[in-house]
Amino acid sequence: MTTRGTIAAAVADDADRWVTVSAVLLVGIGIVMVYSSSYVMAMERLGDEYHFFKRHVFFAIIGFGLFAAASRLPYTIYRRAAYPLLIAAAAALMLIFAPGLGSEVGGARRWVRIGPVGFQPSEFAKLAVIIFLAYSLSRRAGRIGSFAFGFLPNVLIPGAVIALILAEPDLGTAVSLGGLVVLMNFVAGARLKHLAGLVAVAAPVLFIVVTRYEYMMRRILIFLDPWKDPTGAGFQTVQSLVAFASGGLGGVGLGEGMQKLFYLPEAHTDFILSVVGEEFGLIGVSAIMVLYIIFLVGGTTIAMRARDLFGSYLALGLTFMVVLQAMVNMAVVLAMLPPKGLPLPFVSYGGTSLITNLAAAGMLLNIHVRGNRA
């Protein structure tokens, strides 16, 4: 057996343990890197170098609390709650547009703030859509090939939630969730011609959304050649590439990176991997990629060993939610995709994202414990 096969087999044998280990290590790396990437900016702007670090640790504690609770809560209850959760997610997304509740940042309304508490409803919506699809796909298992009864409900209902996310506008989350819907339908056995038709319908809608918002169009155009405007629209992408180039193989050392010193915007959130690349080099970035691969292998193993279709589809959806977003974030910071405003799961600063992903990991563990066929 090859080394790669040996590693995959080892992860598969103890899938729940490796899902836990990879998630915990990624969160630990995130805590360290949030401080390293934000302490100078936090001191300069807020007078407290530990501001983001303390908040991130607080979010991690809440997240691990939900992780523990979700790992003990029988996953079968989500089947009965599929529609109520989806309705609650849609209602939360609508709150964004309510006066006094929705918070606008950078031309987009993505946050709901009630007093001192703020959260991003789109993160909750991703979980709700996955639970609904797991329920619907398992319930329609014998009719997935049917367009009217098997395919259409599984794209129209999630599509309504995606439309609300697009209205914020949040193109990155909408596209990644749309990709997740396509992937789950594909795994469930949807016909390729139906999926191709869905993509054909979605493409002009995305084109209209992109051309409607000037900043989105500018991001795509500058993505094609960020060096055309390195101090303007291409600044973020260029500085990210500079960070990776500066890090080389082994990096410049923890805390020694220069790009986070007001050169790289969003250093502690969407572009935190760029700071990892500068301070720990290719070795550090590769280690993070390996942890996501371990999470992927562990999560898909849990899905394949689940006792019922609902558990299998739910595990696949939760795994894909984390790994696909990680892939998109990595592609963005490496200038392989236009900037989309998506955090790196478990690692980036951001309470709603961290809490949601840890809850998803806990749900995976429960599927393993209660539904393992092995």
Side-chain angles (χ1 to χ4, degrees), residues 21-64 226 230-231 234-295 322 325-336 339 341-355 357-358:
V21 167
S22 58
V24 169
L25 287 177
L26 285 167
V27 172
I29 291 170
I31 290 172
V32 172
M33 295 312 301
V34 164
Y35 174 70
S36 179
S37 59
S38 68
Y39 73 91
V40 174
M41 180 265 289
M43 188 65 176
E44 179 70 20
R45 297 179 181 175
L46 302 169
D48 179 7
E49 66 178 279
Y50 297 104
H51 175 80
F52 295 105
F53 171 77
K54 290 185 293 187
R55 288 174 61 86
H56 194 67
V57 170
F58 175 71
F59 294 140
I61 292 171
I62 295 176
F64 278 118
T231 61
F235 183 77
Q236 196 166 27
T237 301
V238 168
Q239 296 305 315
S240 177
L241 294 175
V242 169
F244 283 109
S246 302
L249 179 63
V252 298
L254 178 62
E256 299 299 320
M258 297 298 294
Q259 294 308 110
K260 65 193 179 188
L261 305 179
F262 307 102
Y263 293 105
L264 183 64
E266 313 298 337
H268 61 305
T269 55
D270 303 345
F271 280 76
I272 197 167
L273 190 66
S274 305
V275 181
V276 175
E278 183 178 14
E279 299 190 349
F280 292 96
L282 178 61
I283 294 174
V285 173
S286 298
I288 288 178
M289 293 177 68
V290 168
L291 289 174
Y292 284 117
I293 292 171
I294 290 173
F295 188 91
V322 171
Q325 184 164 321
M327 291 173 62
V328 171
N329 179 275
M330 290 177 182
V332 167
V333 299
L334 291 169
M336 298 170 66
L342 290 176
L344 186 62
F346 298 122
V347 180
S348 292
Y349 173 81
T352 313
S353 174
L354 180 58
I355 289 169
N357 287 317
L358 282 171

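Atom set for the values below is all heavy atoms of this structure, side chains included, hydrogens, waters and symmetry mates excluded.
With Glu279 as the partner, the side chain to side chain donor-acceptor pair (under 3.5 Å) test is satisfied by one option alone out of Ser37, Ser36, Ser274: Ser36. Applying side-chain contact (heavy atoms from CB on, under 4.5 Å) to Pro343 and the options Thr352, Leu354, Asp270 leaves one that passes, Asp270.
Heavy atoms only, all atoms of each residue included: Tyr39 and Gly255 are closest at OH-O, 3.6 Å. Taking both residues in full, the closest heavy atoms of Pro339 and Thr237 are given as CG-OG1, 4.0 Å, listed atom of the first, atom of the second, then distance. The two atoms that bring Tyr263 and Gln239 nearest to each other are O-CG, 3.2 Å, heavy atoms only. Nearest heavy atom pair, residue Val322 against residue Pro345, reads O-CG, 3.4 Å. Here the closest non-hydrogen pair linking Ala60 and Ile31 is CB-CD1, 4.3 Å.
A distance of 11.0 Å separates CE of Met289 from CG of Leu291, quoted to the nearest 0.5 Å. Between the CG atom in Leu26 and the CG atom in Leu344 there is a gap of 7.5 Å [rounded to 0.5 Å]. Put simply, CG on Leu25 and CD1 on Ile294 are 8.0 Å apart, with the number rounded to the nearest 0.5 Å. One distance of note links CD1 of Ile283 with CG of Leu249; it measures 4.0 Å at 0.5 Å rounding. Distance check: Leu241 CG to Leu334 CG gives 7.5 Å after rounding to the nearest 0.5 Å.
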Let me see the working for His268 and His56 under side-chain contact (heavy atoms from CB on, under 4.5 Å), right down to the final yes or no.
CA-CA 10 Å; His268 61 305; His56 194 67; over 6 Å; no
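Between Val21 and Val24 the shortest side-chain heavy-atom distance does not fall below 4.5 Å. Under the 4.5 Å side-chain criterion, counting only non-hydrogen atoms from C-beta, Met33 is in contact with Leu254. Under the 4.5 Å side-chain criterion, counting only non-hydrogen atoms from C-beta, Phe64 is in contact with Val27. Here the side chains of Leu342 and Val332 are not in contact, with every heavy-atom distance at 4.5 Å or above. Contact of the Met258 side chain with the Glu278 side chain is registered, since non-hydrogen atoms from C-beta on lie closer than 4.5 Å. A 4.5 Å side-chain heavy-atom check between Arg55 and Phe59 finds at least one atom pair inside the cut-off. The shortest side-chain heavy-atom distance between Met330 and Tyr292 falls under the 4.5 Å cut-off. The shortest distance between side-chain heavy atoms of Val347 and Leu273 does not fall below 4.5 Å.
Other residues, nucleotides and ligands contribute only 12 or fewer heavy atoms inside 6.0 Å of the OH atom of Tyr50.
Defined by atom type and a distance below 3.5 Å, a donor-acceptor pair is missing between the side-chain atoms of Gln259 and Ser246.
Ring planes of Tyr35 and Phe53: perpendicular class, angle over 60° (limits at 30 and 60°).
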